[in-house]
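I have placed the structure first, in the form of structure tokens, so that the comments after it can refer back to it.
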Number of protein chains: 2
Amino acid sequence: MATIKDLAKLAGVSVTTVSRVLNDHPYVSKEKRKLVLEAIEQTKYEKNVNAVHLKTGRTQLVGVVLPFSDHPYFAQLLKGIAKQAFKHNYKLVLIQTDYQEKREKEALHMLRQKQIDALIICSRSCDLDLITSYTLYGPIVVCEKVHGDKLSSAYIDHYQAFQSALAYLYETGHQKIGYSVSRLDGTSSKERAAAYRDFLAAKELPCRLDYVFDKMLYFEDGETMVTQLKQMEDPPSALIITNDQVAAGVMTCAGRVGINIPEKLAIIGFDDHPMAQMMGISSMHIPLEEMGEHLFKQALGKESKDKVFHATLIKRETV
Amino acid sequence: MATIKDLAKLAGVSVTTVSRVLNDHPYVSKEKRKLVLEAIEQTKYEKNVNAVHLKTGRTQLVGVVLPFSDHPYFAQLLKGIAKQAFKHNYKLVLIQTDYQEKREKEALHMLRQKQIDALIICSRSCDLDLITSYTLYGPIVVCEKVHGDKLSSAYIDHYQAFQSALAYLYETGHQKIGYSVSRLDGTSSKERAAAYRDFLAAKELPCRLDYVFDKMLYFEDGETMVTQLKQMEDPPSALIITNDQVAAGVMTCAGRVGINIPEKLAIIGFDDHPMAQMMGISSMHIPLEEMGEHLFKQALGKESKDKVFHATLIKRETV
DNA sequence: TTACTTGCTGAAAACGATATCAGGTCAAGT
DNA sequence: ACTTGACCTGATATCGTTTTCAGCAAGTAA
């Protein structure tokens, strides 16, 4: 494979000149530029980017940490990220963690090793301080509220989102409201829990721990949830559900066991996925793709350090 | 940031020795190894992998080309690929193409530039010959039957899969069978079309072009399909559907417009996604994750050049 | 005239690792 | 005593670029 040296020899110029042609530097005479271009053509020369990476210290690669890529939530986020990455001529390195800390650390390590120029962490299980300590090696963006100015962040105000969903259900007459999350110890779940607690306190409603459903993430989890609901003596009359997939699952199963929606059970999903639209599921719209785009721009340092996105309630037929 | 030279100076040894320690070469005395390790500890040294890449000519990176990462089919495939990648200490570079040739070419280009060690193409729109020509620069694996020995491939026998679905429907009394695909000019669609044509010919059934539905890929496309069915004077009595998502969409909408499944319309999905299981949709099981794992192993040259996977019919309640 | 810019050129020094090679010691085998 | 081979060491070349720097010619300003 031809190198820049071969080109130089072939064109009868120095490697510097070749490099200049390759990088569109202005100070090259027309004649020499032509010679070099011909040599490139002739040898079918291609840059060895690894040499460039070494020399420049950048790789045009951004790491994206996410627990699973097979979930619509992250897939949509990824779509936004990918869109901007493409626009800025960056490539993405996917780091699927399954929430294993070990793998998240691997991603941080890649940043330190200069294999990636920046890191976007869509959801974490690692300690935030640990992550922050790696900002020394490159920009890191996370999807949650952070204190301090080392990390950038773009995130949904889950507290606010949950509050408005709760308020809406309360307005429509519901007092026995439950909710589900994908993992109780996740950052967004904690915010949701806080909103829930504050809401109950404000309305002087009792706190029912059995109204909180954990590990609800996929469409098929909706079935589990319906089964559990069916077994309850005093089930909730309304549910704010992890996301639209689970909500769709609940909706699909509920009818089969005689739980009519919304009469017997009102539901609100999250994300406002096309699926929710089609099935008429009320949902909290989240600008996921937009958020993804923002995340990438932040990774490149082209955007403010901190950005909050707000969810908006889309009323359909399930409340 | 410390380099191998700094370590050498600090430990009072040569860079060669440091390199040997770093790479677990046996010929290093206990004392020197200890000195080097201490220096590493002290300086918090971290390898610059870009230098390694340049020197070794490999990057431990494999490119994965797929049209969309937000579809369960590809997400599952990706999961298998990621599993093996992790096992072999490789990272994946995601190249989302949206079926734009331009982007596929970019992926090929990365291989040529040595930014990735191998390329896995899950679905393409580029010309196969063009792709083949890039095998000169590294292993390429595709998901379809190929002739020649340049490319590796792992794929589903869609012809056989479609045949068995058709046979099953025919056995259960259906003569008016239609089907849907995601894009008519895709490789797998052509195989399906061939199976369909051959089946109709064998059974001496008429060919109905309006029984073929294009651009059906997502859950919400099921709604479009039901709308179209509803408008037909002589609709099919059975459908073999692109995948389980679309099938679920059809199932969800069909009831609303009075199309009972399976009485008025029998359906068979593809992929045997958990969703199909939950909703009781008959489906062609495809070992997607396994196939993904195989793809990766092929990319590393650790597996045969050619591997066919077979789909198996899972009978549930929609036929 | 001097001095200073602008345009162009190439030699050589990086970047930070690994690989090659030559040379050393020391014990075992003949 | 002499070879052989295992073990250990480090100088130096190398991977393929970009960057720095020095230099030259020609034009312009003072």
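All chains are named by letter (A, B, ...) in the order of the sequence lines, taking the proteins before the strands, and each is independently numbered beginning at 1. All values below come from the heavy atoms of this structure, side chains included, with hydrogens, waters and symmetry mates left out.
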Stepwise side-chain hydrogen bond (donor to acceptor under 3.5 Å, both in side chains) check, B/Gln96 with B/Ser69: CA-CA 7 Å; B/Gln96 262 216 41; B/Ser69 58; 2.7 Å; yes
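Using a 4.0 Å heavy-atom distance criterion, B/Val49 is classed as making no nucleic acid contact. Within the nucleic acid shown, B/Val13 comes within 4.0 Å of sugar-phosphate atoms alone, with no base atom in reach, counting heavy atoms only.
Put simply, NE2 on B/His53 is 12 Å from P on C/dA17, counting in whole angstrom units. One atom, NZ of B/Lys9, and another, P of C/dG16, lie 13 Å apart when rounded to the nearest Å. What separates OH of A/Tyr27 from C1' of D/dA26 is a distance of 13 Å, to the nearest Å. The nearest whole Å value for the distance from the CG atom in A/Leu7 to the P atom in C/dG10 is 14 Å. One atom, CD of B/Gln60, and another, C1' of C/dA17, lie 15 Å apart when rounded to the nearest Å. Per the geometry, CG belonging to B/Leu35 stands 10 Å off P belonging to D/dT9, to the nearest Å.
A/Cys122 pairs with exactly one of A/Leu78, A/Ile81, A/Val65 by the side-chain contact (heavy atoms from CB on, under 4.5 Å) rule, that one being A/Ile81. Applying side-chain contact (heavy atoms from CB on, under 4.5 Å) to B/Leu7 and the options B/Val15, B/Ile40, B/Leu37 leaves one that passes, B/Ile40.
Residues satisfying the ring pair (Phe, Tyr, Trp, His ring centres under 6.0 Å) test with B/His310, not counting sequence neighbours, are none. Under the ring pair (Phe, Tyr, Trp, His ring centres under 6.0 Å) criterion, B/His109 pairs with no residue, sequence neighbours left out. Applying the ring pair (Phe, Tyr, Trp, His ring centres under 6.0 Å) rule to B/Phe296 yields the partners B/His88, B/Tyr90; only residues at least two apart in sequence or on another chain are considered.
Distances shorter than 4.0 Å separate none of the side-chain N or O atoms of A/Ser14 from OP1 or OP2 on C/dT9.
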Base-contact (B) and sugar-phosphate-only (S) positions in nucleotides 14-21 of chain D, heavy-atom cut-off under 4.0 Å, - elsewhere: BBBBBBB-
Protein-to-nucleotide contact annotation, 5' to 3' order, nucleotides 22-27 of chain C [B base; S sugar-phosphate only; - none; under 4.0 Å, heavy atom]: ------
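Salt bridge present: A/Glu106 and B/Lys91 bring a charged side-chain N and a carboxylate O closer than 4.0 Å. In this structure, A/Glu144 pairs ionically with A/Arg124, as a charged nitrogen and a carboxylate oxygen lie closer than 4.0 Å.
The aromatic rings of B/Tyr134 and B/Tyr137 are tilted relative to each other, their planes meeting at an angle between 30° and 60°.
Relative to the six-membered ring of A/Tyr27, A/Arg20 misses at least one condition, a distance below 6.0 Å or an angle of at most 45° to the axis. For the pair B/Lys307 and B/Phe309, the cation-pi test (distance below 6.0 Å, angle within 45°) is passed.
Comparing the end axes of the helix from C/dT1-D/dA30 to C/dT30-D/dA1, each fitted to five base pairs by superposing C1' atoms of four pairs onto the next four, gives an inter-axis angle of 50° (nearest 10 degrees).
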